[in-house]
Structures are given as structure tokens and as C-alpha cells.
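Just below is one structure, and these are the notes that go with it.
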Amino acid sequence: MPTETVYGLAADAENAAAVAKVFEAKGRPRFNPLIAHVADLSEADRVARFDAAAWRLAEAFWPGPLTIVLPYRNGVCDLARAGLDSVAVRIPGHATARALLAAFGRPVVAPSANRSGRPSPTTFADAMEETGAFAAVGLDGGPCAVGVESTVISVLAGSVSLLRPGSVTRAAIAEVVGPLAAGGDGARSPGRLTRHYAPEAPVRLNAVAAGPEEILLGFGAVQGSPRWALSVTDDLREAAANLFRLLREADRERPRAIAVAPIPSGGLGEAINDRLTRAAGFVG
Ligand code: TXA
Ligand code: MG
């Protein structure tokens, strides 16, 4: 299933046998819960319990690349939630995803369609290469416009925390619900493993030039070959959209390492640097 962020491997959220196949196809640990994708706010309301802050966030950012973790209500099997009493919900913005969800009429769980630990697929071909063999049907929605997975925030017991940065930035969320609770750094999100989003080649961060047999992913003033530019200018949206595709393409060349130019840390840069430090295996 295409979404505006990355491709997902989708299953009926209530069908435990189908959900089990998703975990198996990805090689995903069973303790890592999936996101329930829904067509609209009334379906979201059946799945989870929204407080006032959660409704404000939903109205501000849905359909779009924001996932909200809330107290669980109904319609998503235990396996998909990894047995938790919370559930992650999102209304994606991609037209094909929305048409699929509207036609299905019930929640669809969809983790990123990569095998566990690998970069998420942002093109139909990459999705099919990763887990397509397990899927009954593949929907080609073209390249994903955002390119990094949705922002994940939890709204639990009156406190809003950021579990995974994405293109809906910390600042944009704070404009709607005020500053985020301290310490919500992803530690409580079961899926944030040490080495994640990782290609086969080692990843070297904050590189200012390519070393021997390295490929340099360029940004701003630091550039190698134009083919390997995350952005030829210093456009964070362009860099996010290119990130996983270029990591995959560079990996196919079997370089000694993939060197990556420094990426500024503000705004969407928080999400890009989060994925890069995990791809390099630096975050526990
Ligand atoms: O952009 C996206 O979100 C994509 C597209 C396909 O929608 N999906 C995606 O799913 O990235 P996945 O499974 O790769 O990442 C879901 C993240 C994981 O880090 C997981 O641990 C976290 O959401 N998550 C899910 N349910 C949770 C819960 N109840 N509490 C805390 N974290 C949760
Ligand atoms: Mg994933």
C-alpha cells in the first residue's frame, strides 16, 4: 500500500492470521506494535479514545504524516497492538491509500514494507523487492512524496510526547498543543531498535568529502557526484524524499561506506538525522 510517507505492508487489523503474516514477512519482533490506518475521524474514534488535545492534533494534521498513540478502544487485534492497551492511529494523505481504506471500511494495519531493520521503501519497486513476495496484491502509488515515516506522538494520561520525529515537526505540534513533555525521546516506543533503517554498507555521518571507495550523499555546500545528492541545494524536504531511495541505491554499488554530508538539525532535519544516526547504528 502506498502512503505519502513510505510504502506499507497492509493487513486487516482484526485478522490475526493476516497480521501474523505481516510480522513474519518483515521478520519483525512481536513486541513491536503496528499502526492502524483509518479512512476518517469517525473510524478513528471507534479505534481509540481521543481527548481534547488529540482531537486538535487530528484536525490540524489529518489526513497526513502524523501517527497518534492513544488509549485503545476497538477493532485492532491484540497481536497488532503487541498486547498493549494503547494503539497507534493515523489517517494517511495519499489518495490511493485513502481510497483503499474507504473501500475497506475498517482499520488496516501497515508497518513500513521493509524487512525489519532495513531502510523503508519509498518506491513501488523497492517495496516489492522487500516484502512484495508475501503480498497478495501490490498497489503502485508512485514515489512517496515525504520519504520518511510519519511522526509518532503519544497522547496518554494528559501528556503529549514525541516518540518518532517526522515531517510534522516538533514546532508544528507545539503550535497546536503547546510544548511537548520532556523525555519523550522514543524510549517508550518499542520499535526504536539500535540499528534500524540500515543498508548493508556502513554509514559515516557528517562527512565533508568522500573517502576512497565511498559514496558521498551530498547536501547543501557538501556535494559529491550530482547523482548522489540528497539535495543539490539545502532543501530538507527534498533530502527526506530522497533519503531511503539513495541509501538503497548507494548500497547496490557495494561501497566501502556510505558517507553522508551534515544535515541541519532543525525542523524536518530532526527526522532525517534520527534515521541517519540509527542507520549508522549509533542510537540505543
Ligand atoms: O509513515 C508511517 O508511519 C508508515 C506508513 C506505512 O504508514 N508506517 C510505519 O509503521 O512506519 P512502522 O510499523 O514501521 O512504525 C510504527 C512505529 C514503531 O516505531 C512502533 O513501535 C510505534 O510506531 N508504535 C506503534 N504502536 C505503538 C504504541 N501503542 N505505543 C508506542 N509506539 C507504538
Ligand atoms: Mg518501520
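Numbers for residues simply follow the sequence, beginning at 1. Counting starts at 1 for both ligands and their atoms, in listed order.
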Minimum side-chain heavy-atom gap L230-E238 below 4.5 Å: no

Please determine, by modelled atom types, if E149 and S120 share a side-chain donor-acceptor pair under 3.5 angstrom. yes

Any donor-acceptor N or O pair under 3.5 Å, side chains S150, T5: no

Between T3 and R90: side-chain donor-acceptor atoms closer than 3.5 Å: yes

Salt bridge or not between E130 and R115? Use side-chain N to carboxylate O under 4.0 Å. yes

Which part of H94 is near ligand 1, with near meaning a heavy atom under 4.0 Å away: side chain, backbone, both or neither? neither

Atoms of ligand 1 less than 4.0 Å from H37 heavy atoms? 5 (C), 7 (O)

Between E129 and R252, does any NZ, NE, NH1 or NH2 come within less than 4.0 Å of an OD or OE carboxylate oxygen? yes

Just checking: S112, one of its N/O/S atoms, less than 2.8 Å away from the Mg ion (ligand 2), yes or no? yes

I'd like to check which ligand 1 atoms, numbered from 1 as shown, lie under 4.0 Å from a non-hydrogen atom of G8. 6 (C)

Taking the minimum heavy-atom distance to atom 15 (O) of ligand 1, which of R164, R81, M1 ranks first? R164

When you measure from atom 3 (O) of ligand 1 to each heavy atom in S154, P121, S150, which option holds the nearest one? S150

Near I35 (heavy-atom distance under 4.0 Å), the atoms of ligand 1 are 3 (O), 8 (N), 9 (C), 10 (O), 16 (C)

Is a side-chain donor or acceptor of N242 paired with a backbone partner of L246 at a separation under 3.5 angstrom? no

Heteroatom distance test (S112, ligand 1): nitrogen or oxygen, under 3.5 angstrom: yes

With respect to Y7, determine whether any N or O atom, backbone or side chain, lies less than 3.5 Å from an N or O atom of ligand 1. no

Which atoms from ligand 1 have a heavy atom of L163 less than 4.0 Å away? 31 (C), 32 (N)

Please check if any side-chain donor atom of D235 sits under 3.5 Å from a side-chain acceptor atom of T233, or the reverse. no

Quick test of your reading of the structure: of A110, P2, P33, A82, whose heavy atom lies closest to atom 8 (N) of ligand 1? A110

Could you tell me which atoms of ligand 1, counted from 1 in the order shown, lie closer than 4.0 angstrom to a heavy atom of N32? 18 (C), 20 (C), 21 (O)

